[in-house]
Amino acid sequence: MSKFAKLDLGDKIIELPIIEGSENEKGLDISKLRSETGYISYDPGYGNTGSCSSAITYIDGEKGILRYRGIPIEEFNREKPDFLETAYLLIFGKLPNKTELDEYKVLVGNNEHLHEAMKHHFEGFPTTAPPMAMLSSMINTMSCFHPELLERGENEGYCMTASSLLLSKIRTIAAYAYRQSRGMPSIYPIPSLDYAANFLHLMFSLPNKRYEVDPDIEDAMNLIFILHADHEQNCSTSTVRMVGSSQANLFASCSAGVCALWGPLHGGANLAVIKMLEEIHKGDISAEKCIEMAKDKDNPFKLMGFGHRVYKNYDPRARILKKAGDKVLAKLKVKDPLLDIAKKLEEAALKDPYFVERKLFPNVDFYSGIIMRAIGIPTNMFTVLFSIGRLPGWIAQWREQVKTPGVKISRPRQIYTGENKRSYIPMKDRK
Ligand code: ACO
């Protein structure tokens with residue numbers, strides 16, 4: 001097969017090199033398109049644009065496949081690795097042996113406290129402050145307390161230090177954001193607890209009453225973090241890379257990632273799903289009406305937790321979470337009517353020609369909220385938990401970008417559609 005594709009521009013035919021990934025996906029290298037022809041590609045939303053090559057995560061959206069460093073996502077459910085093990089795999093590209101993982105956990109443990117001055121920042125936020133705003137601000141604030149990490153290091157030593165620090169402190173920051181919004185007294189992490197258990201302790205323990213972590217709930221929390229750990233060039237990860245491409249530091253880049261994740265079309269969908277299910281439950285709207293509104297092109301309403309830019313098949317993470325939801329609710333002896341509503345809504349949507357033709361399936365956000373709700377996580381913290389989960393991916397992608405020689409600043413072009421040249425009109429002459 002030819003290694004070039006031909007582009008016929010009428011007056012000129014040019015050859016575009018074909019590049020091929022390790023799973024046979026193919027792309028056209030158009031990096032010289034503008035300099036050779038004066039044309040640019042036009043792809044709003046970047047649905048057909050490969051912004052980089054990456055060896056971290058593989059998705060086949062048509063088949064519903066997701067792999068971290070080659071390992072199918074289903075194996076992370078079956079083998080139940082620790083979240084930090086998954087983070088290590090994504091960031092450093094290999095499964096750690098026991099010594100490596102133990103050492104990494106020690107590094108994470110050593111970093112779990114926040115600088116006292118950083119803790120005072122929380123007092124400045126109103127109790128109504130959205131936790132996602134606090135999270136993004138505090139991650140950026142970390143730059144002020146760790147100037148030694150502002151130099152962008154690509155070596156393993158830098159990445160061990162920076163990643164363990166960030167993974168550790170994001171958990172403390174997230175829990176403190178929640179405690180601030182509830183006016184709860186601060187509490188310290190317990191180094192002997194594993195990552196997810198320590199997070200639950202930081203969220204729910206009181207100085208005079210320790211939260212007893214149920215192993216099944218810890219498992220569910222761990223699973224939620226792992227399933228969100230990376231998803232190749234999604235909106236927030238592309239944001240991290242976009243910011244990183246200007247050679248901004250890791251804290252600034254990840255803080256921007258949190259902001260991008262916040263929106264309801266991305267990580268904020270987990271919260272929007274619960275709001276939608278609650279409205280159905282309260283009787284404010286029926287499930288049929290939701291589907292009808294989602295299909296109506298004059299209505300901006302979308303069926304939240306449905307559809308995906310890449311998956312044109314069932315999102316494998318949603319499949320795992322749907323099963324995990326049954327288990328967690330049974331364990332906690334919770335009968336959540338929202339789970340039944342979600343399942344009925346899914347059944348109705350998957351039979352409807354509108355959703356079938358467009359290949360719209362439940363995504364990761366459709367069932368995750370139901371599990372978090374059962375654990376006692378308030379809805380405004382859902383996307384914060386997604387951020388904790390996604391952090392290893394952001395760090396891994398940032399590091400991969402730093403390590404890639406010759407990376408250029410991300411700077412798309414545009415097709416200008418505004419006024420042609422005209423003169424400035426002084427105020428006195430304006431109508
Ligand atoms: N409800 C109703 N219609 C939908 C939905 C939905 N949830 N999702 C997509 N569609 C329709 C689109 O309107 C479009 O219809 P058309 O062909 O008649 O114009 C068609 O399906 C194709 O969808 P796109 O617009 O190409 O999808 P896109 O890739 O731009 O958007 C997105 C993906 C943002 C996830 C979209 O499906 C959506 O808004 N879903 C709801 C929000 C959500 O759950 N977001 C979480 C995504 S997962 C994550 O980020 C972690």
Side-chain angles (χ1 to χ4, degrees), residues 42-51 57 59 61-62 64 66 68 73 132 224-240 257-277 279-280 285 287-322 342 345-372 379 382-394 397:
Y42 183 65
D43 185 22
Y46 309 132
N48 303 285
T49 297
S51 59
T57 289
I59 303 176
E62 270 67 36
L66 167 62
Y68 293 162
I73 195 69
M132 283 298 274
I224 286 183
F225 287 150
I226 288 176
L227 293 181
H228 289 90
D230 192 47
H231 214 233
E232 50 117 307
Q233 307 313 317
N234 57 84
C235 177
S236 56
T237 303
S238 297
T239 301
V240 170
V258 172
C259 294
L261 191 72
W262 194 354
L265 294 190
H266 191 13
N270 52 18
L271 157 67
V273 169
I274 293 294
K275 277 192 187 152
M276 179 181 78
L277 297 176
E279 278 174 24
I280 297 174
I285 187 169
E288 295 72 27
K289 181 75 187 162
C290 271
I291 291 187
E292 206 181 293
M293 279 163 54
K295 288 161 42 175
D296 179 358
K297 289 290 155 204
D298 296 326
N299 192 327
F301 178 86
K302 295 256 191 264
L303 192 61
M304 299 315 285
F306 256 75
H308 197 276
R309 171 59 60 83
V310 181
Y311 292 118
K312 302 301 164 201
N313 201 327
Y314 213 105
D315 180 337
R317 302 165 302 171
R319 200 187 297 282
I320 294 171
L321 284 171
K322 187 177 177 186
L345 199 56
E346 176 191 329
E347 205 183 310
L350 294 185
K351 273 193 219 141
D352 191 298
Y354 174 94
F355 291 87
V356 174
E357 280 158 22
R358 288 169 181 75
K359 299 186 175 150
L360 301 171
F361 292 88
N363 60 48
V364 70
D365 292 315
F366 197 63
Y367 287 106
S368 63
I370 289 171
I371 301 179
M372 291 194 265
T379 42
F382 287 2
T383 318
V384 171
L385 268 66
F386 191 153
S387 310
I388 299 177
R390 184 53 52 89
L391 186 62
W394 291 336
Q397 303 267 353

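Start at 1 and go down the list; that is how both ligands and their atoms are numbered.
- Around ligand 1, the residues contributing at least one heavy atom under 4.0 Å from the ligand are Pro264, Leu265, His266, Ala269, Ala294, Lys297, Lys302, Leu303, Met304, Gly305, Phe306, Gly307, His308, Arg309, Tyr354, Arg358, Leu360, Asn363, Val364, Asp365, Phe386.
- Not a single donor-acceptor pair under 3.5 Å links the side chain of Thr237 to the backbone N or O of Gln233.
- Residues Cys290 and Phe301 have side chains in contact (heavy-atom distance under 4.5 Å, counting atoms from C-beta outward).
- Counting only heavy atoms from C-beta outward, the side chains of Thr379 and Asn270 never approach each other to under 4.5 Å.
- Asp315 places no side-chain N or O within 3.5 Å of a backbone atom of Asn313 that could act as its donor or acceptor partner.
- In this structure, His308 has its ring center at least 6.0 angstrom away from the ring center of Phe366.
- Judged by distance alone, the side chains of Tyr367 and Glu346 do bring a donor and an acceptor atom under 3.5 Å apart.
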